[in-house]
Amino acid sequence: MPYKLLFVCLGNICRSPSAENIMNHLIEKANLGDRIVCDSAGTGGYHIGSPPDSRMTYAAKMRGINLKGSARKFQVEDFNNFDLILTMDKENYRDILRLDTGNKYGDKVKLMCDFCRYFDVKEVPDPYYGGSDGFDYVIEILLDACEGLLDYLINENKIVVGDR
Ligand code: 4NP
């Protein structure tokens, strides 16, 4: 069974689809496509079915990342269906934990920036109402966090590598 990652933000059109596609890019480079599966979701439902935001898509493309996907809302079943749930900011983190009414899944929910190694930040800021700089900044933070996350999964033996 592959290890399953779910990236979560508010709208699922900017930050979390970027995280998902950046992570997939790193996973492919590491030849671990059969070991780790990525998805993303939003805590809000305003953009269900929409593709990633065009400004976000442009910023990602400038770093060689192609953004794919269509927005969906987080479902309580996701707690059971995923091994690790990575939230972009503290509001997303609280909103997700609030849905865990039986207090069973807290250990699966983490802040994405906990995996940053170069950026000293706690949150991936919401770029939606700002300028293009904010979208570029999201990509830079997520590249750092995704690299840290992949190393964590390998070093903590969450995935098996090297037996092929
Ligand atoms: P995201 O960005 O949470 O990174 O996808 C946002 C997208 C849409 C809205 C807010 C944030 N919105 O208010 O519609």
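In listed order, ligands and their atoms are each counted from 1.
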K.L.:
Residue-level breakdown please: for N12 versus ligand 1, do any non-hydrogen atoms fall below 4.0 Å on the side chain, on the backbone, on both, or on neither?
P.N.:
backbone
K.L.:
Just jot down the ligand 1 atoms closer than 4.0 angstrom to any heavy atom of C14, in number order.
P.N.:
1 (P), 2 (O), 4 (O), 5 (O)
K.L.:
Classify the angle between the aromatic ring planes of F79 and Y105 as parallel (below 30°), tilted (30 to 60°) or perpendicular (above 60°).
P.N.:
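If you compare the ring of F79 with that of Y105, the planes turn out parallel.
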K.L.:
I need the nearest protein heavy-atom contact for atom 7 (C) of ligand 1: residue, atom name and distance, please.
P.N.:
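Among all protein heavy atoms, the one nearest atom 7 (C) of ligand 1 is Y128 CD1, 3.4 Å.
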K.L.:
With a cut-off of 4.0 Å, which atoms of ligand 1 are near a heavy atom of G11?
P.N.:
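With G11 as reference, the close atoms of ligand 1 come out as 1 (P), 3 (O), 5 (O).
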K.L.:
Is a side-chain N or O of K110 found less than 3.5 angstrom from the main chain of L84, in a donor-acceptor match?
P.N.:
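Looks like no, no N/O pair under 3.5 Å.
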K.L.:
So which of I139, D133, I141 actually passes side chain to side chain contact (heavy atoms under 4.5 Å, CB included) with Y137?
P.N.:
I141
K.L.:
For the 3.5 Å polar cut-off, considering only N or O atoms, please tell me whether Y46 and ligand 1 meet it.
P.N.:
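Y46 vs ligand 1: no N/O contact under 3.5 Å.
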K.L.:
Find the distance between CZ (R35) and OH (Y3) and round it off to the nearest 0.5 Å.
P.N.:
15.0 Å
K.L.:
Counting only nitrogen or oxygen atoms and a 3.5 angstrom limit, does I13 reach ligand 1?
P.N.:
yes
K.L.:
Report the distance from atom OG of S40 to atom CE of M88, rounding to the nearest 0.5 Å.
P.N.:
8.5 Å
K.L.:
For atom 13 (O) of ligand 1, grab the closest protein heavy atom and report residue, atom and distance to one decimal in Å.
P.N.:
Y129 OH, 3.4 Å
K.L.:
Using only atom types and a distance under 3.5 Å, with no angle test, would you say the side chain of D136 pairs donor to acceptor with the backbone of A59?
P.N.:
no
K.L.:
Among all protein heavy atoms, pick out the one at the shortest distance from atom 14 (O) of ligand 1; state its residue, atom name and that distance to 0.1 Å.
P.N.:
H47 NE2, 2.8 Å
K.L.:
Starting from atom 1 (P) of ligand 1, find the nearest protein heavy-atom neighbour and note its residue, name and distance.
P.N.:
C9 SG, 3.4 Å
K.L.:
Within the 4.0 Å heavy-atom shell around D126, which atoms of ligand 1 are there?
P.N.:
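Here the atoms of ligand 1 in question are 2 (O), 6 (C), 10 (C), 11 (C).
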K.L.:
Tell me whether the centres of the aromatic rings in Y58 and F135 are closer together than 6.0 Å.
P.N.:
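Centroid distance Y58-F135: not below 6.0 Å, so no.
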